[in-house]
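A quick write-up on the structure given underneath.
Letters A, B, ... are given to chains in the order of the sequence lines, protein chains preceding strands, and every chain is numbered from 1.
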Number of protein chains: 2
Amino acid sequence: MFSKTCEYAIRAIIYIYNKSNLCDCKVGIKEIATEIQSPEHFTAKILQVLSRQEIVSSVKGPNGGFYMSSAQGQIKLLDIVRAIDGPRVFMGCALGLSQCDESRPCPIHTEYKPIRDKMLTMLTNTNVESLATKLEEGSVFLVK
Amino acid sequence: MFSKTCEYAIRAIIYIYNKSNLCDCKVGIKEIATEIQSPEHFTAKILQVLSRQEIVSSVKGPNGGFYMSSAQGQIKLLDIVRAIDGPRVFMGCALGLSQCDESRPCPIHTEYKPIRDKMLTMLTNTNVESLATKLEEGSVFLVK
DNA sequence: ATATTAAAAGACAAAAAGGTCTTTTAATAT
DNA sequence: ATATTAAAAGACCTTTTTGTCTTTTAATAT
Ligand code: FES
Ligand code: FES
């Protein structure tokens, strides 16, 4: 459903938000990659993109690393997914027509659109903080 | 959401079922590719796969081509998607954990699973005939 | 039987996604 | 000021997806 890139992005962001708020510190790419079991350099590139979009913050140098403010905890999953896969994600036609158009629908439009819209609603209503909270509680997991 | 391969597959199947039942004839790959606006040889390969899985039928030679019985009209979208993308499609964890596991869920499992399940239900309940009927009515379209 | 036809099969190639490694830049502790 | 540190940037590679082209196989009309 999501690209690998998106999967790593979301897992990394949840980890960073949780950890950097817990210890009020910055967290390095090496630790992130280890903890979420993702390829280190690839994850670094993804975080560069998210950093440019100000979804995550970073500082270089000693004691540097990635961190997020509590304001950034209000960022929605949709913001992350859009930053990676582009602004049109979960907007297109299921059968690849040039656009999803009510007035000229593809054969599965009626069946598909409600589901796609639920997905979009879910991504719009879910923020990083709520997910990080569940992680801190220990009721959800980022690996295995 | 679906791979390009799946998109072409579904569009091709709907076209073939509709056309081959309407005129009680076989329909060639050239016509299919033109009518659904897909790459001809690529579409041919996809239909080879679907043909091996007996989702569509074909005969070689003069007046040959692809066709589908009315029994094949009862085939579900899920059968097509599985034939192409494998049997585990829409079963995995949203965040790429090794499996989607209730007892060890990822942070978005609660939000994601109901949507994924709706998708699976939709694909299970939608058959080719119902889509082809809509196409024949002229209420839906395969191109643009 | 043979020529014709159309799908099947297979070799290739381009593009995108996923991933690795090295060099550069900038922050900061000393 | 300088050495150290860690992210940013960029070159490069691998795999998968998507797509093209040619050859082979098999059906059938003649
Ligand atoms: S037109 Fe295809 S999903 Fe809306
Ligand atoms: S565990 Fe991730 S979706 Fe179920």
* Structure fact -> When rounded to whole Å, the NE2 to P distance for the pair B:His41 and D:dT23 reads 13 Å
* Structure fact -> Taken to the nearest whole Å, CZ/A:Phe2 to P/C:dG18 is 13 Å
* To do: Would you tell me if any nitrogen or oxygen in the side chain of A:Tyr8 comes within less than 4.0 Å of OP1 or OP2 on C:dG19?
  => yes
* Asked: Hey, which of these two, B:Ser58 or A:Pro62, hits DNA chain C nearer its 5' end, going by closest nucleotide?
  -> B:Ser58
* Mutual orientation of the aromatic rings belonging to B:Tyr112 and A:Phe2 [parallel < 30°, tilted 30-60°, perpendicular > 60°] -> tilted
* **For atom NZ of B:Lys4 and atom C1' of C:dA17, their distance in whole Å** => 16 Å
* To do: Could you please name the partner base of D:dT14, counting Watson-Crick and G-U wobble pairs only when both distances are under 3.5 Å?
  => C:dA17
* Measure the distance from CD on B:Glu40 to P on D:dT18 and round it to the nearest whole Å. => 19 Å
* Asked: Nearest-Å distance, CG (B:Leu50) to P (C:dA9)?
  -> 13 Å
* Asked: From B:Lys113 NZ over to B:Leu120 CG, what is the distance, rounded to the nearest 0.5 angstrom?
  -> 9.5 Å
* Please give, in whole Å, the distance from C:dA8 P to B:Ile29 CD1? -> 9 Å
* Does B:Gln99 offer a backbone N or O that forms a donor-acceptor pair with the side chain of B:Arg104 under 3.5 Å? -> no
* Can you tell me the distance, in whole Å, between the CD1 atom of A:Ile46 and the P atom of C:dT20? => 11 Å
* What is the pairing partner of D:dA27, taking Watson-Crick or G-U wobble pairs with both distances under 3.5 Å in any strand? -> C:dT4
* Is any NZ, NE, NH1 or NH2 atom of the basic residue among B:Glu7 and B:Lys4 found under 4.0 Å from an Asp or Glu carboxylate oxygen of the other? -> yes
* Where the side chain of A:Ser51 is defined as all heavy atoms beyond and including C-beta, which of C:dT22, D:dT18, D:dA8 is the nearest nucleotide? -> D:dA8
* Structure fact -> Regarding the side chain of B:Lys45, the nearest nucleotide among D:dT20, C:dA8, C:dA27 is D:dT20
* Asked: With a 3.5 Å cut-off and just heavy-atom distances, do the side chain of B:Lys60 and the base of D:dT25 make a donor-acceptor pair?
  -> yes
* Asked: Should B:Glu31 and B:Lys19 count as an ion pair when the cut-off is N to O under 4.0 Å?
  -> yes
* Asked: A:Thr5 or B:Val27: which one's nearest nucleotide on DNA chain C is closer to the 5' end?
  -> B:Val27
* Starting at the 5' end of DNA chain D and moving along, which residue's nearest nucleotide shows up first, B:Phe42 or A:Phe66? -> A:Phe66
* **Heavy-atom donor-acceptor pair, A:Gln48 side-chain to D:dA9 base, under 3.5 Å** => yes
* Asked: Taking OP1 and OP2 of C:dA8, is either one under 4.0 Å from a side-chain nitrogen or oxygen of B:Arg52?
  -> no
* Round to the nearest Å and state the distance from A:Ile84 atom CD1 to C:dA17 atom C1'. => 13 Å
